[in-house]
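Data first, discussion second: the structure below is written as structure tokens.
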There are 2 protein chains.
Amino acid sequence: MLSKKTKYAFHALTYLGKHRDQGAILIQEISEKYGISHKFLENILLELKKAGFLGSKKGKGGGYYLIKDPTEIPLSRVIRLLDGPIALLPCVSLNYYEPCEECENQEQCGLNKVMIRVRDETLKILEMKTLQDILEEE
Amino acid sequence: MLSKKTKYAFHALTYLGKHRDQGAILIQEISEKYGISHKFLENILLELKKAGFLGSKKGKGGGYYLIKDPTEIPLSRVIRLLDGPIALLPCVSLNYYEPCEECENQEQCGLNKVMIRVRDETLKILEMKTLQDILEEE
DNA sequence: AATAAGTCTATAAATTTTGTAGGTTTTGTA
DNA sequence: TACAAAACCTACAAAATTTATAGACTTATT
């Protein structure tokens, strides 16, 4: 399951996407809208900024705004940033690969093969679908 | 990611599947083979038994054995039993459905739609692939 | 009777996730 | 130029979940 952090990130991105024409948006505005703790959301927005999705402005009249085009924010990138691996096993993760401790050799692990398929099918969707698609749905 | 519990369950099932002709197998034998704590594995095997996958025999010469045909143990059932929901959002889970707290109405939630697709593609694989497939791979 | 195994319930330890505190920096504006 | 508003940053705390352990109980075999 996606963590709250990731869900909140999607809410924030969606909100900022919808209000792109309105300049900088206060953390407060988003946190109130979705009932997210201000401070928690602060951390999340900061991560999204560091990842290059958002821009920000300090001081009075400041806030956050989307700097990437929504078509260039695949859902997979947001999930990986906040939640980590998308794969169901570490030995199958493209971005966070680790061998499974208990497995002697993953070449002959039956689970490994299935989970590669699951990963690939999942990624097909999560890499193709972007924030733009979310915005269009709502 | 799958929990250790689930991974251990798959290891145990695979081991029991491979040694189906050898009667009851000791917890100890499996726990040593994969380096799993005896007591932890105990709990897992008990759950698998209660779910109808395994049988057991107490006392000397006792142990666990597979009672279901491996073709009738889809991976999805094992995951759901030990790990819970397969879906990435509660509002999209077939077996553990819950509405998302922050969502006003999930009908117009863009994430919801995508996650239904991810769930369906994942389930296509995890419901079709069974313990039998794992055994054949190894 | 003794021993070997699984059964059961409760609890503890470790880890991860979620949330909070409080000071720092930047910027607009009076 | 001083003040206030807002993001920035680091560290910590609380809560929840996962992983692991303890120990007494039951059942079967010899």
Side-chain angles (χ1 to χ4, degrees), chain A residues 1-9 11-12 16 22-32 34-67 79 81-85 88 90 96 98 100-102, chain B residues 1-9 11-12 16 22-32 34-67 79 81-85 88 90 96 98 100-102:
Chain A
M1 293 272 242
L2 299 182
S3 67
K4 286 195 176 182
K5 229 172 159 178
T6 301
K7 281 206 275 179
Y8 293 165
H11 285 312
L16 293 173
Q22 292 167 36
I25 305 274
L26 291 180
I27 295 178
Q28 181 112 3
E29 188 174 333
I30 305 174
S31 79
E32 278 173 3
Y34 296 101
I36 308 172
S37 136
H38 179 105
K39 277 293 192 176
F40 194 36
L41 185 58
E42 200 177 285
N43 294 328
I44 295 167
L45 293 178
L46 212 47
E47 281 197 75
L48 290 170
K49 182 192 171 183
K50 286 178 180 161
F53 299 129
L54 304 183
S56 67
K57 210 183 144 206
K58 287 181 176 181
K60 187 158 190 180
Y64 281 97
Y65 44 89
L66 208 58
I67 54 174
I79 295 175
L81 179 67
L82 283 311
D83 247 8
L88 290 178
Y96 299 85
E98 273 182 62
C100 287
E101 302 162 349
E102 336 81 62
Chain B
M1 294 273 240
L2 299 182
S3 67
K4 286 194 176 182
K5 230 172 159 179
T6 300
K7 280 205 275 180
Y8 293 165
H11 286 312
L16 293 173
Q22 292 167 35
I25 304 274
L26 292 180
I27 295 178
Q28 182 113 2
E29 189 174 333
I30 305 173
S31 78
E32 277 172 4
Y34 296 100
I36 308 172
S37 136
H38 178 104
K39 277 293 192 178
F40 194 38
L41 184 58
E42 202 178 284
N43 295 327
I44 295 167
L45 293 177
L46 211 48
E47 280 197 76
L48 290 169
K49 182 192 171 183
K50 286 180 181 162
F53 299 128
L54 304 182
S56 67
K57 207 183 146 206
K58 287 182 175 179
K60 187 159 190 179
Y64 281 95
Y65 45 89
L66 207 58
I67 54 174
I79 295 176
L81 180 68
L82 282 311
D83 246 9
L88 290 178
Y96 298 85
E98 272 183 64
C100 288
E101 302 161 350
E102 336 81 61

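Both backbone and side-chain heavy atoms feed into the values below; hydrogens, waters and symmetry mates do not. Fair warning: this is a prediction, and the values are worked out from it, not measured in the lab. Numbered from 1 within each chain, the chains take letters A, B, ... in sequence-line order.
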Checklist entry - From the list D:dT29, D:dC9, C:dT9, which nucleotide is the closest neighbour of the side chain of A:Glu42? => result D:dC9

Item to check | C:dT7 OP1/OP2 closer than 4.0 Å to side-chain N/O of B:Ser56 | outcome: yes

Checklist entry - Starting at CG of B:Leu46 and ending at C1' of C:dT9, how long is that distance when rounded to a whole Å? => result 11 Å

Next on the checklist: Heavy-atom nearest nucleotide on DNA chain C for A:Lys58 versus B:Gly59: which residue maps closer to 5'?
Outcome noted: B:Gly59

Item to check | Nearest-Å distance for atom pair CG/P, residues B:Leu16 and C:dG6 | outcome: 11 Å

Item to check | Chi angles and distances behind the salt bridge (charged side-chain N to carboxylate O under 4.0 Å, His left out) call for B:Lys39, B:Glu42 | outcome: CA-CA 5 Å; B:Lys39 277 293 192 178; B:Glu42 202 178 284; 3.5 Å; yes

Next on the checklist: Side chain of B:Lys39 only, heavy atoms from C-beta on: which candidate in C:dT20, C:dT18, C:dC8 is closest?
Outcome noted: C:dC8

Checklist entry - Just to confirm, is there a sub-4.0 Å distance from OP1 or OP2 of C:dT7 to any side-chain nitrogen or oxygen of B:Lys49? => result yes

Checklist entry - Which nucleotide sits closest to the side chain of A:Phe40: C:dG19, D:dT30, D:dT21? => result C:dG19

Checklist outcome for this item: In whole angstroms, the gap separating C1' of C:dA13 from NZ of B:Lys4 amounts to 13 Å

Checklist entry - Rounded to whole angstroms, how far apart are OH on A:Tyr65 and P on D:dA7? => result 12 Å

Next on the checklist: I need the NE2-C1' distance between A:His38 and C:dG22, as an integer number of Å.
Outcome noted: 13 Å

Next on the checklist: On DNA chain D, does the nearest nucleotide to A:Gly62 precede the nearest nucleotide to A:Lys50 from the 5' side, or the other way round? Give the residue.
Outcome noted: A:Gly62

Checklist entry - Can you tell me if CD on B:Gln22 sees more than 12 non-hydrogen neighbours from other groups inside 6.0 Å? => result yes

Next on the checklist: If we ignore hydrogens and angles and just use 3.5 Å, is the side chain of A:Tyr65 paired with the main-chain N or O of A:Ser56 as donor and acceptor?
Outcome noted: yes

Checklist entry - When all nucleic acid strands are considered with a 4.0 Å heavy-atom cut-off, which category describes B:Leu45: base, sugar-phosphate, or nothing? => result nothing

Checklist entry - Would you say a side-chain N or O of A:Ser37 is under 4.0 Å from OP1 or OP2 of C:dT18? => result no

Next on the checklist: In this structure, how many angstroms lie between the C1' atom of D:dA5 and the CD1 atom of A:Ile27, rounded?
Outcome noted: 12 Å

Checklist entry - So A:Leu16 and A:Phe53, side-chain contact (heavy atoms from CB on, under 4.5 Å) or not? Walk me through it. => result CA-CA 11 Å; A:Leu16 293 173; A:Phe53 299 129; over 6 Å; no

Checklist entry - According to the Watson-Crick and G-U wobble definitions, with both distances under 3.5 Å, which nucleotide is paired to D:dT27? => result C:dA4

Checklist entry - Any N or O donor-acceptor pair linking the side chain of A:Lys57 to the base of C:dG28 at under 3.5 Å? => result no

Next on the checklist: From the set D:dA20, D:dT10, D:dA7, return the single nucleotide nearest to any side-chain atom of A:Asn43.
Outcome noted: D:dT10

Checklist entry - Among C:dG19, D:dT19, C:dT7, which nucleotide sits nearest the side chain of B:Ser3? => result D:dT19

Checklist outcome for this item: B:Ile36 CD1 to D:dT21 P, in whole Å, measures 12 Å

Next on the checklist: Is it true that, when you exclude A:Glu29 itself, more than 12 heavy atoms of the residues, nucleotides or ligands shown sit nearer than 6.0 Å to its CD?
Outcome noted: yes

Item to check | Verdict with supporting geometry, A:Leu54 and A:Leu66, side-chain contact (heavy atoms from CB on, under 4.5 Å) | outcome: CA-CA 5 Å; A:Leu54 304 183; A:Leu66 208 58; 3.6 Å; yes

Checklist entry - Taking the nucleotide of DNA chain C with the closest heavy atom to each, which residue, A:Lys5 or A:Lys60, is nearer the 5' end? => result A:Lys5

Checklist entry - Reckon A:Leu26 touches a base, only the sugar-phosphate, or nothing at all at heavy-atom distances under 4.0 Å? => result sugar-phosphate

Checklist outcome for this item: Atom NE2 of A:His11 and atom P of C:dT18 are separated, to the nearest Å, by 13 Å

